[in-house]
Colleague: 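Starting off with a structure, shown below.
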Amino acid sequence: MTTQQTLAKEGGSTGDPGKPQPSNGLQAGLKNRHLSMIAIAGVIGAGLFVGSGSGIAAAGPAILVSYALVGTMVVFVMRMLGEMAAANPASGSFSAYADRALGRWAGFSIGWLYWFFWVVVLAVEATAGAEILESWVPAVPQWAWALLVMIVLTATNLASVSSYGEFEFWFAGIKVVAIAAFVGVGLLAVFGLLPGSDNPGAGLAHLTDAGGFFPNGYGAVLTGVLMVVFSFMGSEIVTLAAGESADPQRAVTKAVNSVIWRIAVFYLGSIFVVLTLLPWNDPSIVHDGSYVAALKSIGIPHAGEVMKVIVLTAVLSCLNSGLYTASRMAFSLGQRGDAPASFARTSARGVPRVAVLASVLFGFVAVFFNYKWPDTVFAFLLNSSGAVALFVWLVICCTQLRMRGIILRESPEKLVVRMWLFPGLTWATIGMILFVLVYMVYDETGRTQVLLSLLVAALVVAVAVGREVWGRRRG
């Protein structure tokens, strides 16, 4: 069986011209504009808006180096994933490729770990959104807002994949416009071109005038890496969504080619603006949030409320994509016999409803744990999924080392996206990811996350290997 045939069976589309519909029961309901916006905003989460202040406080202006290092790593990983996804788009993306290249145990393990990560994210984002909504309408309790948000987005995902795409198009569009406007207005203020700006101290001098560019030492760059690395999780979503588009190869290629400028503008550009509008040690950066503090410094009225609307949009976007991603990974696992067969059944509109409902059910359970036992059970769930992003990227790298040879041997004409300087740069990326994981073990803030994540990963791998051994014995 060829790679193309194998991935089609596992839940992928062949990507051949004249075959717009996936061969697995899903429908090609995502339009090019949906995928373009999913690709553009896939790396923009609520963490960028509310979590960047802590990174700035830890590393100072050197947080730009942290973002650049992690961004470079993500660019390399996306290039590798794009090489495989452009050749054979699949609903399970890297999990399906790992199944083919590394073994059944690898596809099973990384697929379930990725699913686990996103159902925990559902609880985190639902709670964050509920907090914002409760601040506006305190008469409605927070748990009711979380329930309402989850129900609305579940209904959206159950309707059709085009409904998900349409919601995400507008959510992502608001995020993109907001950050672009922030960067544009901020740069005008930095260079003294913004009419009415009351921040005469803004300028490039803020990058060095409070203890230098590395005020907390060079080691703070690595601490910053640990604080920002997880805000990049989600860039791989477009490779899962591409399987439900009419032209998946074009969508993946376009997304991979645009990842460099997306990271440069949305992450490095926006953080650069914050650091040039305010000294890095200004207390308001942590207290109000980096974006709100920057907007207030140049006299933007109601900056806090404006940012709440944008953060709520980012939360809803993450919830929407998280539910979609978890359900499609569950669907792919069902296609390959690594999950209940009902997960692989689709409705008349091509929606894997059982997979969607199963994912949201565990999301509701996680939300309940967050309200009932936030410091024990939910803290364990949160920490035990914390390093999954790094595990996913590591598996993508290892898979690409094997898949390049398979693609060249079976379908060389499909290698339209190539990883640069293969295999040297792939090995270098593996080394970067392993370095971050090892450093987390020695860092007090990251140790719990990586150890608990390794524990959960070891349990999942043990189950996967046990299934293979049992299957061979029965065979």
Side-chain angles (χ1 to χ4, degrees), residues 37-38 40-55 117-138 140-157 163-179 181-182 228 230-235 237 266-267 270 288-292 295 302-327 356 359-360 362-371 374 378 381-382 385-386 389:
M37 196 57 74
I38 291 170
I40 290 172
V43 292
I44 307 173
L48 176 62
F49 297 103
V50 298
S52 54
S54 299
F117 171 86
W118 280 110
V119 294
V120 173
V121 167
L122 292 179
V124 174
E125 300 296 338
T127 304
E131 289 176 355
I132 295 174
L133 291 167
E134 187 190 31
S135 71
W136 291 335
V137 188
V140 179
Q142 194 178 116
W143 66 265
W145 281 121
L147 181 65
L148 179 62
V149 167
M150 292 277 277
I151 289 174
V152 169
L153 292 179
T154 299
T156 300
N157 276 266
S163 298
Y164 155 72
E166 200 63 34
F167 267 72
E168 191 57 25
F169 175 81
W170 291 106
F171 287 153
I174 292 172
K175 289 190 291 184
V176 169
V177 170
I179 294 186
F182 175 80
V228 307
F230 304 110
S231 65
F232 283 86
M233 189 67 166
S235 53
I237 290 175
F266 296 132
Y267 279 86
S270 61
D288 297 330
S290 57
Y291 284 69
V292 174
L295 291 173
H302 310 295
E305 292 304 311
V306 170
M307 193 52 60
K308 274 187 179 181
V309 174
I310 296 169
V311 170
L312 178 62
T313 303
V315 164
L316 295 175
S317 172
C318 195
L319 266 171
N320 195 37
S321 287
L323 182 53
Y324 171 83
T325 305
S327 65
V356 171
S359 300
V360 80
F362 280 90
F364 277 125
V365 170
V367 169
F368 172 75
F369 286 155
N370 192 15
Y371 287 109
F378 187 72
L381 292 177
L382 201 59
S385 64

Colleague: Quick one: pull up OG1 in T154 and CG in N320 and give me the separation to the nearest 0.5 Å.
Modeller: 9.5 Å
Colleague: Can you confirm whether I151 sits close enough to F364 that some side-chain heavy atom of one is under 4.5 Å from a side-chain heavy atom of the other?
Modeller: yes
Colleague: I'd like to check the ring pair (Phe, Tyr, Trp, His ring centres under 6.0 Å) partners of F378; sequence neighbours left out, ordered by chain and number.
Modeller: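 F378: no ring pair (Phe, Tyr, Trp, His ring centres under 6.0 Å) contacts found.
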Colleague: So do S359 and L323 actually touch side chain to side chain, heavy atoms under 4.5 Å?
Modeller: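 They are in contact (side-chain heavy atoms under 4.5 Å apart), so the answer is yes.
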Colleague: Ignoring hydrogens, what is the shortest heavy-atom contact between V292 and D288? Give both atom names and the distance.
Modeller: CB-O, 3.6 Å
Colleague: Start with the C-alpha distance between V149 and L133, add both sets of side-chain angles, then the distance that settles side chain to side chain contact (heavy atoms under 4.5 Å, CB included), and finish with yes or no.
Modeller: CA-CA 10 Å; V149 167; L133 291 167; 3.8 Å; yes
Colleague: A181: what forms a side chain to side chain contact (heavy atoms under 4.5 Å, CB included) with it, not counting sequence neighbours?
Modeller: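 Partners of A181 by the side chain to side chain contact (heavy atoms under 4.5 Å, CB included) criterion come out as none, since no residue qualifies.
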Colleague: CZ/F117 to CG/L382 distance, rounded to the nearest 0.5 angstrom?
Modeller: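 Taking CZ in F117 and CG in L382, the distance rounds to 9.5 Å.
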Colleague: Tell me, please, which residues at least two apart from V365 pass side chain to side chain contact (heavy atoms under 4.5 Å, CB included).
Modeller: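 Listed in chain order: F369.
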Colleague: C318 and V121: which non-hydrogen atoms are nearest, and at how many Å?
Modeller: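 Between these two residues, the closest heavy atoms are SG-CG1, 3.8 Å.
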Colleague: Considering all heavy atoms of both residues, which atom of L122 and which atom of G322 are nearest to each other, and what is their separation?
Modeller: CD2-C, 4.0 Å
Colleague: Enumerate, atom names and distances included, each donor-acceptor pair closer than 3.5 Å involving a side-chain atom of residues 302-316, sequence neighbours excluded.
Modeller:
unit_1, atom_1, unit_2, atom_2, d
E305, OE1, W136, NE1, 2.9
K308, NZ, S135, OG, 3.3
T313, OG1, V309, O, 2.9

Colleague: Can you measure from CG (L153) to OG (S317) and round to the nearest 0.5 angstrom?
Modeller: 9.5 Å
Colleague: Heavy atoms only: give me the nearest S270-F182 pair and the separation to one decimal.
Modeller: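 Scanning both residues completely, I find the closest heavy atoms to be O-CE2, 3.5 Å.
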Colleague: For F362, give me all partners under side chain to side chain contact (heavy atoms under 4.5 Å, CB included), at least two apart in sequence or on another chain.
Modeller: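 W115, V119.
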Colleague: Sequence neighbours left out, what passes side-chain hydrogen bond (donor to acceptor under 3.5 Å, both in side chains) with S321? Give chain and number order.
Modeller: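 With neighbours one apart ignored, the set is Y164, E168.
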Colleague: Restricting to side-chain hydrogen bond (donor to acceptor under 3.5 Å, both in side chains), what partner residues turn up for T127, sequence neighbours left out?
Modeller: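 Per chain and number, T127 pairs via side-chain hydrogen bond (donor to acceptor under 3.5 Å, both in side chains) with N370.
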Colleague: Of all residues at least two apart in sequence or in a different chain, which pass the side-chain hydrogen bond (donor to acceptor under 3.5 Å, both in side chains) check with S385?
Modeller: none
Colleague: To the nearest 0.5 Å, what is the distance between CH2 on W143 and CG on L147?
Modeller: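 Here the rounded value is 6.5 Å.
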Colleague: The criterion is side chain to side chain contact (heavy atoms under 4.5 Å, CB included); which residues satisfy it with A130, sequence neighbours excluded?
Modeller: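 If we apply the side chain to side chain contact (heavy atoms under 4.5 Å, CB included) test to A130, skipping adjacent residues, the hits are Q142, W145, A146, Y371.
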Colleague: What are the two closest heavy atoms between V367 and A126, and how far apart are they?
Modeller: CG2-CB, 4.2 Å
Colleague: Could you tell me which residues satisfy side-chain hydrogen bond (donor to acceptor under 3.5 Å, both in side chains) with W170, sequence neighbours excluded, listed by chain and number?
Modeller: E166
